[in-house]
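Okay, so here's the structure we're looking at.
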Number of protein chains: 2
Amino acid sequence: MVFAGQGDPRRTLSLLWRAEAPPPARTGPGPKPRLSVDAIVAAAVAIADEEGMDALSMRAVGDRLGRTAMALYTHVPGKSELLDLMYDAVHAELPRSYQESAGWRAALTAWAGEVLEFYVRHPWVLQVSQARPVLGPHEYAGLDTLLALLRATGLPAGTLRRLVGTLFPFVRGSAQAVADARRAAAATGSSDEEWWAARSAALLELVPDFAERFPAVSGLEAEAEGAVEPYPDEDPGGAEAVPYLEREARETFRAGLGVLLDGIEAARVGRT
Amino acid sequence: MVFAGQGDPRRTLSLLWRAEAPPPARTGPGPKPRLSVDAIVAAAVAIADEEGMDALSMRAVGDRLGRTAMALYTHVPGKSELLDLMYDAVHAELPRSYQESAGWRAALTAWAGEVLEFYVRHPWVLQVSQARPVLGPHEYAGLDTLLALLRATGLPAGTLRRLVGTLFPFVRGSAQAVADARRAAAATGSSDEEWWAARSAALLELVPDFAERFPAVSGLEAEAEGAVEPYPDEDPGGAEAVPYLEREARETFRAGLGVLLDGIEAARVGRT
DNA sequence: TGCGACTCCTTACGGCGTAAAGTAACGTCC
DNA sequence: GGACGTTACTTTACGCCGTAAGGAGTCGCA
């Protein structure tokens, strides 16, 4: 995992909010910069999106911009701060508002779905630790959006804060599951089913008494055996079939969100 | 973040389940091994617990055992597999059973609390990616325990699987928040309140129109202002005061779990 | 015209994971 | 009992990483 919010808070904060106070159109001495904070952040995000966090190095970012790694240090204090900037930059993709006419439940469902897709689009964001949040403008905006939605539930402020602390991690966790499913599918040439079959075959060979040692797990598997529908008929629209593991992860997300919303509903009812 | 499950599955699996099939008491030629997989895993876990994941390197593990880094490679294929082993080894601390007399709700609450403490004890576990789970014996045992508890709700198998996929990430997320709060407290000399005050002061200076741009956030803060009770009277028992951020994180955990359990309750009622 | 500020490059250091090859201890068999 | 093959561990080295230090070239302004 990578940590954020490590550097000098003042420097990081002013970089994060730099759009608010654009550099005073300086035309001082020295050569014209051929690099900019925005270009650096964009290149870094592109690398992380395409090749994953492991491939993100200062040299890689420099290469992508046709510069050396050290050239970046003129514009950005270090890798940790660059990560903060990347983190906030992508959060600009989060939705900002919802029509409230459909009710809080529909709005929250839509919100959660969009945030899930956001994380799936940028899975490396899930690897940025939340310790000491470096709240930049776009992350604040995302928080503001959720809070505005939650206000419609009519619950008191203290409860709302706790709901934020529950909903965001829940969506993050679900996105992690989806992203993991995709990574697994991409890494192994085999399909999800094949991979899983090979895995459990090896396991059964190594642990013959599996069923006795883990009765609840194997009981569940046996019970679900019949329930696992085979691949559904291909969508006539021609959409690609979603692999098994990812479909499962998304279904877990949908169901978990339902449980959470039911819980919120219960809190509302209990309060009136 | 660090990835698990990268290596050869066969080799990793047999290492993970090695206790089941102990090495056939070989007394072949060659010097007696002065290192063992267990010793290596224990040393690695100790380093991760004490100094964090960043400090975990093959050289560090070797040093702690009085050997070189390369000596480890005789016993363990590589760092990635060592991580798998560490991950499963600590999961042995997870509780295995609960008395069901108190009802599923009490049992689930107790379970969640113990798992939370487990993660807080070994925060580096939260940094091990869940991609392609390397299910070792102890993690399976933890899963089995939760499933056995959930069975008491009487919900169908499919729902149970989704609940597992919701509950585990929820506890992980909550533990992350608690661990982050502790890290923040440890890293900065200042108290939570001071750190937060400095942060928001700098923010307010940089972003004077904060309240207008993020109405929901600042509205919530204003509303909660009066509600934040000052430090409660010191516990007469002499227990140390839990810092603000961590108290907040734990409260969010408690409340979020309540919401989830309410949701489960609703599912039960709706089904009967 | 030259000074000073500024961007970017080169070089270098100490870390990392681990491949390759060498050394020494031990059980086994002639 | 001595040679041999197997095994545990060390040494050395390679190519990565983040970044400190210092040098080279480019520009605005005095």
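Values below: every heavy atom of this structure, side chains too, minus hydrogens, waters and symmetry copies. Naming: A, B, ... by sequence-line order, numbering from 1 per chain.
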In whole angstroms, how far is the [atom2] atom of [N] from the [atom1] atom of [X]?
X: A:L72; N: D:dG18; atom1: CG; atom2: P; answer: 10 Å
X: B:I40; N: D:dC9; atom1: CD1; atom2: C1'; answer: 11 Å
X: B:L65; N: D:dT10; atom1: CG; atom2: P; answer: 11 Å
X: B:D54; N: C:dG14; atom1: CG; atom2: C1'; answer: 16 Å
X: A:E51; N: D:dC17; atom1: CD; atom2: C1'; answer: 16 Å
X: B:D63; N: C:dC16; atom1: CG; atom2: C1'; answer: 13 Å
X: B:L83; N: C:dG17; atom1: CG; atom2: P; answer: 11 Å
X: B:M53; N: C:dC16; atom1: CE; atom2: C1'; answer: 15 Å

Check: Between B:D144 and A:R213, does at least one N-O distance fall below 4.0 Å, as a salt bridge requires?
Finding: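 No, no charged N to carboxylate O under 4.0 Å.
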Notebook entry, point to check: Salt-bridged, B:E117 to B:R121, with N to O below 4.0 Å?
Noted result: no
[X] side chain, from C-beta outward: closest of [options]:
X: A:M70; options: D:dA21, D:dG18, C:dC8; answer: D:dA21
X: B:T68; options: C:dC8, C:dG17, D:dT11; answer: D:dT11
X: A:Y73; options: C:dT7, D:dG18, C:dG17; answer: D:dG18
X: B:R67; options: D:dA21, D:dT10, D:dC17; answer: D:dT10
X: A:P29; options: C:dG4, C:dT7, D:dT10; answer: C:dG4
X: A:P33; options: C:dT7, C:dG17, D:dC9; answer: C:dT7
X: B:H75; options: C:dT18, C:dC9, D:dC9; answer: D:dC9

For a quick check of understanding: with a heavy-atom distance under 4.0 Å over all strands, which category does [X] fall into, base, sugar-phosphate or nothing?
X: B:S57; result: sugar-phosphate
X: A:L56; result: sugar-phosphate
X: A:A71; result: sugar-phosphate

Side-chain atoms of residues 55-67 of chain A: list all donor-acceptor pairs with protein atoms under 3.5 Å, sequence neighbours left out, distances to 0.1 Å.
| from | atom 1 | to | atom 2 | distance (Å) |
| --- | --- | --- | --- | --- |
| A:S57 | OG | A:A60 | N | 3.0 |
| A:R64 | NH2 | A:E50 | OE1 | 2.7 |

Note to self: Are A:F170 and A:W111 an aromatic pair, judged by ring center distance below 6.0 Å?
What the structure shows: no
Next item on the list: Please figure out whether B:K32 or B:A69 has its closest DNA chain C nucleotide nearer the 5' end.
Entry: B:A69
Check: Residues in side chain to side chain contact (heavy atoms under 4.5 Å, CB included) with B:H138, at least two apart?
Finding: B:D88, B:H91, B:A92
Notebook entry, point to check: Nearest 0.5 Å, what's the CG-CZ distance between B:L204 and B:F210?
Noted result: 8.0 Å
Item checked: Along DNA chain D (nearest heavy atom to each residue), the more 5'-positioned of A:A60 and B:P31 -> B:P31
Margin query: Under 3.5 Å, is there any donor-acceptor pair linking the side chain of B:R59 to the base of C:dG17?
Written below: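 By the distance-only test, yes, there is a pair.
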